[in-house]
Trainee: 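Handing you a structure now.
All values below were derived from every heavy atom in this structure, side-chain atoms included, with hydrogens, water molecules and symmetry-related copies excluded.
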Amino acid sequence: MTLFAYIIEPPFNELAADGSLTGCDVEVARTVLRAAGLLPFQPVETTFAELLPGLAAGRWQMTTGLFVTEQRQRLVSFSRPIWALADGMLVARGNPLALDGYRSVALDPDCRLAVVRDQIQHRTAHEDFAIPAARIQLYDSYAEAAEAVSNGRADAYASVARAHTAFALQNPAARVQTVVVPAAEKPPAFGAFAFARNDGDLLQRVDAVLDRYLGSPEHRRMLGRFGFTDQEIDLVV
């Protein structure tokens, strides 16, 4: 059995209308583990903060896609990249503060920014763009941060633009939209499945299948269901 840790964050991992788990990350993981002969596949829901500690403690063997950073590479091993994505700001419909990225948030002293605690966007906002900690609101999940924008407690939520687009489409009553952070401000970053550092055999078997699967017609059709374009897919092929 392969235990796969995930968080609810469409389109990467989400619950379908019938209650089943779907999303681009979980569907790629299912497909790859099946091809590698590593079934049964057992997904385990957790929080973002617990993904890597749980991996290190052996509570699961593999996690949903995470941005690859030097700090994380000191703790875990990563598969080959499975996506490359731009950051984005989730804002109220109409973008009342005319935000266009992190820099515009930093320059507006009244702008309140929501982030998920310890995600890359948290450090990007505070360390790279000097947004004061007093204006950064910390949340434990995508749903909580998105709700803060929807109900007016926050003016923007920094995360992955692809996730924001999926949320806005699935939740029209939230009256929100996505602002994509321009590549000149922060280029798209690569994400990959994470594994415990002592589990090299599992990583090698997953990578061997990913090498064949990524960019295949089956892979392109599947990611297309979740809004990915061929140009986005080509970044990791």
Trainee: To the nearest 0.5 angstrom, please state how far the CG atom of Leu38 sits from the OG1 atom of Thr2.
Mentor: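 One gets 4.5 Å once the value is rounded to the nearest 0.5 Å.
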Trainee: Given the rule that I, L, V, M, F, W and Y join up when any side-chain heavy atoms are under 4.5 Å apart, are Leu66 and Leu223 in one cluster?
Mentor: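 No, it is not one cluster - the side chains of Leu66 and Leu223 are not joined through contacts under 4.5 Å.
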Trainee: Grouping I, L, V, M, F, W and Y whenever their side-chain heavy atoms are under 4.5 Å apart, do Met222 and Leu169 come out in a common cluster?
Mentor: no
Trainee: Just by modelled atom types, is the Asp87 backbone N or O under 3.5 Å from a matching donor or acceptor in the Gln121 side chain?
Mentor: no
Trainee: Measuring from atom CG of Leu3 to atom CE of Met62, what distance do you get when rounded to the nearest 0.5 angstrom?
Mentor: 11.5 Å
Trainee: Name all residues meeting the side chain to side chain donor-acceptor pair (under 3.5 Å) criterion together with Gln204; count only those two or more places apart in sequence or in a different chain, and write none if there are none.
Mentor: none
Trainee: Once you round to the nearest 0.5 Å, how far does CG of Leu214 lie from NE2 of His219?
Mentor: 4.5 Å
Trainee: Using the test salt bridge (charged side-chain N to carboxylate O under 4.0 Å, His left out), find all partners of Arg220 that sit at least two apart in sequence or belong to another chain.
Mentor: Asp230, Asp234
Trainee: With sequence neighbours excluded, tell me which residues meet side chain to side chain donor-acceptor pair (under 3.5 Å) with His164.
Mentor: Tyr142
Trainee: Can you tell me how far apart CG (Asp155) and CG (Asp110) are? Round to the nearest 0.5 Å.
Mentor: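 Here the rounded value is 8.5 Å.
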Trainee: Looking at every non-hydrogen atom in both residues, tell me the closest pair between Leu203 and Ser79 and how far apart they are.
Mentor: CD1-CA, 3.5 Å
Trainee: Should we count CZ of Arg175 as having more than 12 external heavy atoms under 6.0 Å?
Mentor: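 No.
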Trainee: How close do Ser159 and Glu9 get, counting heavy atoms only, and between which atoms?
Mentor: OG-OE2, 3.4 Å
Trainee: When you check the gap from the basic side-chain N to the acidic O, do Arg30 and Glu27 get nearer than 4.0 Å?
Mentor: yes
Trainee: Passes side-chain contact (heavy atoms from CB on, under 4.5 Å), Leu210 versus Val28? Steps please.
Mentor: CA-CA 9 Å; Leu210 285 173; Val28 169; 4.1 Å; yes
Trainee: Can you list everything that forms a side chain to side chain donor-acceptor pair (under 3.5 Å) with Arg117? Sequence neighbours excluded, please.
Mentor: Asp140
Trainee: State the CD-OH distance between Glu144 and Tyr157, to the nearest 0.5 angstrom.
Mentor: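 Between atom CD of Glu144 and atom OH of Tyr157 there are 9.5 Å.
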Trainee: With respect to His122, which candidate in Ile131, Leu138, Leu113 satisfies the side chain to side chain contact (heavy atoms under 4.5 Å, CB included) definition?
Mentor: Leu138
Trainee: Which of parallel (below 30°), tilted (30 to 60°) and perpendicular (above 60°) describes Phe4 and Tyr6?
Mentor: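 Because their plane-to-plane angle is under 30°, the rings of Phe4 and Tyr6 count as parallel.
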Trainee: Is there side-chain contact between Ile82 and Val236, with at least one heavy-atom pair below 4.5 Å?
Mentor: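 Sidechains of Val236 and Ile82: no contact.
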Trainee: Gln61 and Phe195: which non-hydrogen atoms are nearest, and at how many Å?
Mentor: O-CD2, 3.5 Å
Trainee: If you look at every heavy atom in Arg112 and Gly152, which pair is closest and at what distance?
Mentor: NH2-O, 2.8 Å
Trainee: Any chance you could measure Asp118, atom CG, to Leu51, atom CG, to the nearest 0.5 Å?
Mentor: 11.5 Å
Trainee: Please name the residue in the list Val91, Thr165, Val160, Asn95 that meets the side chain to side chain contact (heavy atoms under 4.5 Å, CB included) test with Thr178.
Mentor: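 Option passing the side chain to side chain contact (heavy atoms under 4.5 Å, CB included) with Thr178: Thr165.
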Trainee: Cluster question for you: counting only ILVMFWY and a side-chain heavy-atom cut-off of under 4.5 Å, with indirect links fine, are Val68 and Phe12 together?
Mentor: no
Trainee: May I ask you to check if Arg72 and Phe78 form a cation-pi contact, with NZ or CZ under 6.0 angstrom from the six-membered ring centre and within 45° of the axis?
Mentor: no
Trainee: Show, in sequence, the C-alpha distance, side-chain angles and deciding distance for Val176 and Phe167, and conclude whether the side-chain contact (heavy atoms from CB on, under 4.5 Å) test is met.
Mentor: CA-CA 9 Å; Val176 292; Phe167 178 83; 3.9 Å; yes
Trainee: Show your working on ring-ring contact (aromatic ring centres under 6.0 Å, His included) between Phe228 and Trp83 and close with a plain yes or no.
Mentor: CA-CA 10 Å; Phe228 285 77; Trp83 38 251; 8.1 Å; no
Trainee: Which residues pass the side chain to side chain contact (heavy atoms under 4.5 Å, CB included) test with Asn151, not counting sequence neighbours?
Mentor: Glu147, Arg153
Trainee: Begin from the C-alpha positions of Thr31 and Tyr213 and carry the test side-chain contact (heavy atoms from CB on, under 4.5 Å) through to its verdict.
Mentor: CA-CA 9 Å; Thr31 300; Tyr213 178 64; 3.8 Å; yes
Trainee: Kindly give the heavy-atom pair with the smallest separation between Ala84 and Pro188, and that separation in Å.
Mentor: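 Here Ala84 and Pro188 meet closest at C-CB, 4.4 Å.
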Trainee: Under the side chain to side chain donor-acceptor pair (under 3.5 Å) test, which residues partner Ser104, sequence neighbours left out?
Mentor: Asp100
Trainee: List the steps and the verdict of side-chain contact (heavy atoms from CB on, under 4.5 Å) for Ser141 and Val116.
Mentor: CA-CA 6 Å; Ser141 70; Val116 170; 5.8 Å; no
